[in-house]
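The structure appears below as structure tokens.
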Amino acid sequence: MRGDDHRRTPLDDLVRIADEAERGQRLLRNAQREIAAIKGEGDSASGKVRARVDTDGRLVDVRLDPRATKLSSMDLAEEITLAVQRAQDDAALQRERAFRDAVGAPLPDAAQVLEQFDETMQTFSRAMNGHEARLDQILREMNDR
């Protein structure tokens, strides 16, 4: 055996598992904060209406240019609707980007979410069972010393 070899101990494995879990949790917390802070913005076709929505697409603010008061009620309604839709689209794009940056994959549609959730839960359950078995082994090895 060479002098620079490092023999891994059960404690090394335990520390590595804890570090990996902490790193994953930190990434998820950062992504959640980034997604929660999203504000989508959109302008109407004429630029007379500007809308802002939160990350869930709920309307936060509408700004009307003074020239908007000269529009008919129907035209104003269309301008507001378009500005809000564009703001919602902007928020959705930002969520997609933040999700992709955090997970490395595009945001799936609702059916894919349910399917992936089931798969993720199964994978997580298998991984946790494996970690639990490894932790039990580590504890047994520590008790045997």
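Scope of the values below: all heavy atoms of this structure, side chains included, with no hydrogens, waters or symmetry mates.
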Go through it in stages, so that I can follow the logic: the residues are Leu64 and Val62, the test is side-chain contact (heavy atoms from CB on, under 4.5 Å), and I'd like the CA-CA distance, side-chain angles, deciding distance and then a yes or no.
CA-CA 7 Å; Leu64 302 177; Val62 174; 4.1 Å; yes
Go through the steps for Arg134 and Gln137 under the test side-chain hydrogen bond (donor to acceptor under 3.5 Å, both in side chains), then give the verdict.
CA-CA 5 Å; Arg134 181 64 182 131; Gln137 179 185 4; 2.9 Å; yes
Residues Leu135, Glu132; criterion side-chain contact (heavy atoms from CB on, under 4.5 Å); working and verdict
CA-CA 5 Å; Leu135 288 173; Glu132 185 178 324; 5.7 Å; no
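For Ala87 against Ala51, the heavy-atom pair with the smallest separation is CB-O, 3.5 Å.
The hydrophobic cluster containing Leu82 does not contain Leu76, counting ILVMFWY residues as joined when their side-chain heavy atoms lie under 4.5 angstrom apart, directly or transitively. Hydrophobic clustering (side-chain heavy atoms under 4.5 Å, transitive across Ile, Leu, Val, Met, Phe, Trp, Tyr) keeps Ile38 apart from Phe99.
The shortest side-chain heavy-atom distance between Arg126 and Thr123 falls under the 4.5 Å cut-off. Contact annotation: the side chain of Asp90 never approaches that of Arg86 to less than 4.5 Å [non-hydrogen atoms, C-beta and beyond].
Distance CG/Asp75 to NZ/Lys48: 8.5 Å, rounded to 0.5 Å. In this structure, the separation between CG on Leu59 and CD on Gln88 is 8.0 Å, given to the nearest 0.5 Å. In this structure, the separation between CD on Glu78 and OG on Ser46 is 11.0 Å, given to the nearest 0.5 Å.
When each of Leu14, Thr9, Asp12 is paired with Ile138, the side chain to side chain contact (heavy atoms under 4.5 Å, CB included) condition holds for Leu14 and for no other. Shown are Arg26, Glu34, Arg33; of these, the side chain to side chain donor-acceptor pair (under 3.5 Å) with Asn30 is made only by Arg33.
In this structure a side-chain-to-backbone donor-acceptor pair under 3.5 Å is present from Arg95 to Thr55. Remark: side-chain polar atoms of Gln94 are paired, donor with acceptor, to backbone N or O of Lys39 under 3.5 angstrom. With hydrogens and angles ignored, the 3.5 Å screen pairs a side-chain donor or acceptor of Asp54 with a backbone N or O of Arg58.
In the displayed structure, Arg63 atom CZ is contacted under 6.0 Å by at most 12 heavy atoms of other residues, nucleotides or ligands.
Ion pair Glu79/Arg67 not flagged as a salt bridge, since none of the NZ, NE, NH1 or NH2 atoms sits closer than 4.0 Å to an Asp/Glu carboxylate oxygen.
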